[in-house]
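Notes follow once the structure below has been shown.
All of these numbers come straight from a predicted model, not from anything done at the bench. Hydrogens, waters and symmetry mates are skipped; everything else that's a heavy atom, side chains included, is used.
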Amino acid sequence: CQNSPPEIDISTFGTPVAMFVGKQDPLSSPAVGEWTNNQVQNSVYYKDLDNWDHSSFSVGKDLSYFEDVLSLMSKYNPVWNIAYLIFQLS
């Protein structure tokens with residue numbers, strides 16, 4: 001049994017990382033988001049979202065950020081490009 005979570009060196013992540021940070025999040029803060037973004041070597045996108053919190057991404061009605069998600073997926077995930085093209089052609 002482990003009493004605390006393991007420490008993970010996020011500076012070694014090689015995968016492209018995009019961060020969408022809610023400014024009204026009671027579980028974290030924009031400062032923590034910025035700190036995390038600065039630790040990740042392969043950060044490709046960072047955006048603060050006004051009036052957003054943790055649940056906004058799963059139950060929120062405002063999906064305006066999703067256009068950025070699709071663009072990033074298209075740019076950094078070649079499998080997504082193929083799936084997206086097939087969807088567009090069907």
Side-chain angles (χ1 to χ4, degrees):
C1 182
Q2 191 171 318
N3 292 330
S4 61
E7 287 191 31
I8 298 172
D9 183 4
I10 61 175
S11 70
T12 63
F13 289 5
T15 304
V17 175
M19 294 183 62
F20 296 82
V21 177
K23 287 186 173 181
Q24 303 302 317
D25 194 337
L27 302 177
S28 189
S29 69
V32 171
E34 289 177 27
W35 178 87
T36 303
N37 186 54
N38 290 332
Q39 301 303 307
V40 176
Q41 286 182 2
N42 205 11
S43 176
V44 297
Y45 187 84
Y46 181 90
K47 185 172 188 176
D48 284 321
L49 298 165
D50 293 324
N51 302 315
W52 283 63
D53 64 17
H54 250 70
S55 64
S56 296
F57 297 97
S58 57
V59 297
K61 294 180 181 178
D62 178 4
L63 293 177
S64 59
Y65 75 97
F66 209 70
E67 194 170 307
D68 293 334
V69 171
L70 292 176
S71 175
L72 290 162
M73 291 293 290
S74 177
K75 183 174 183 179
Y76 293 101
N77 186 341
V79 174
W80 176 262
N81 281 337
I82 294 168
Y84 184 73
L85 285 174
I86 291 170
F87 177 74
Q88 291 296 317
L89 294 174
S90 62

Practice item. Applying side-chain contact (heavy atoms from CB on, under 4.5 Å), run through Phe13 and Asn42 and close with a yes or a no. Key: CA-CA 7 Å; Phe13 289 5; Asn42 205 11; over 6 Å; no
**Study point:** Ser71 versus Asp68, side-chain donor and acceptor atoms under 3.5 Å
**Key:**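 The answer is no; no qualifying pair exists.
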What's the spacing between [X] [atom1] and [Y] [atom2] if we round to 0.5 Å?
X     : Y     : atom1 : atom2 : answer
Gln24 : Asn51 : CD    : CG    : 5.5 Å
Ile10 : Ile8  : CD1   : CD1   : 9.0 Å
Gln39 : Thr36 : CD    : OG1   : 7.5 Å
Ser56 : Asp50 : OG    : CG    : 11.5 Å

Practice item. Might you work through the side-chain contact (heavy atoms from CB on, under 4.5 Å) test for Phe20 and Trp52, ending with a clear yes or no? Key: CA-CA 10 Å; Phe20 296 82; Trp52 283 63; over 6 Å; no
**Study point:** Name of the residue among Asn37, Asp48, Val44 meeting side chain to side chain contact (heavy atoms under 4.5 Å, CB included) with Met19
**Key:**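 That would be Asn37.
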Exercise for review: Assess whether atom CD of Glu7 is packed by more than 12 heavy atoms of other residues, nucleotides or ligands within 6.0 Å.
Suggested key: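 Atom CD in Glu7 is not crowded, with 12 or fewer foreign heavy atoms closer than 6.0 Å.
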Check your understanding: Going only through I, L, V, M, F, W and Y residues with side-chain contacts under 4.5 Å, is there a path from Tyr46 to Phe66?
Key ->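 No, it is not one cluster - the side chains of Tyr46 and Phe66 are not joined through contacts under 4.5 Å.
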Check your understanding: Is it true that Leu72 and Leu63 fall in one hydrophobic cluster, defined by side-chain heavy atoms closer than 4.5 Å?
Key ->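 Linked, Leu72 and Leu63 end up in one cluster.
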Check your understanding: With distance as the sole test, does Ser43 use its side chain to make a donor-acceptor pair with the main-chain N or O of Val40 at under 3.5 Å?
Key ->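 Looks like no, no N/O pair under 3.5 Å.
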Check your understanding: Within a strict 4.5 Å, meaning less than it, do heavy atoms of the Glu34 and Val21 side chains meet?
Key ->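 They are not in contact (no side-chain heavy atoms under 4.5 Å apart), so the answer is no.
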